[in-house]
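To keep things clear, I will list the structure first and then write my remarks on it.
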Amino acid sequence: MSAPTAPPSEQAVIGGHHGFQFENDAKFLALIEEHKEKINSTIGDNYKMKKVLHVTKQVVSGLLYHVTAEFEREGNETAKFVFKLIDKPWDQPEERVLEHQRVE
């Protein structure tokens, strides 16, 4: 068995959350765009997604994204929210946006 190339503290855990370079991932960006209206209505209080700040990805029965995004509403008030977005291409679940939480 060969030695791991990264020290144990930097090795990924199978099934764990992994950093994800979303900026160049057309499939993820299309998923966000497709569900942007639902994301905005889930966050509520007239917030609209301004930009995605950070994403981690986890392989489950599909792909589970943990997304940190900045939202804005009238008056230029901004807030950061974390939400979960699931992608199951073989299934069309009613709810792709699973939960959200405001972060400071």
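Note: Tyr47 and Phe81 meet the aromatic proximity criterion, with ring centroids under 6.0 Å apart.
Atom CD of Glu77 has more than 12 heavy atoms from other residues, nucleotides or ligands within 6.0 Å. Around CD of Glu23, the count of heavy atoms belonging to other residues, nucleotides or ligands within 6.0 Å exceeds 12.
Interatomic distance, Glu74 CD to Asn46 CG, rounded to the nearest 0.5 Å: 7.0 Å. Atom-to-atom distance recorded for Ile43:CD1 and Lys38:NZ is 11.0 Å, nearest 0.5 angstrom. Distance check, rounded to the nearest 0.5 Å: NZ of Lys27 to CD of Glu34 gives 11.0 Å. To the nearest 0.5 Å, atoms CG (Leu85) and CG (Leu98) are separated by 7.5 Å. Going from atom CZ of Phe71 over to atom NE2 of His100 covers 9.0 Å, rounded to the nearest 0.5 Å. Remark: Asp87 CG to Phe28 CZ distance equals 10.0 Å, nearest 0.5 Å.
Residue Leu53 is not grouped with residue Leu29 when hydrophobic side chains (ILVMFWY) are merged at heavy-atom distances under 4.5 angstrom, including chains of intermediate members.
With a 4.5 Å cut-off on side-chain heavy atoms, Phe83 and Ile39 count as touching. Contact annotation: the side chain of Leu63 never approaches that of Leu31 to less than 4.5 Å [non-hydrogen atoms, C-beta and beyond].
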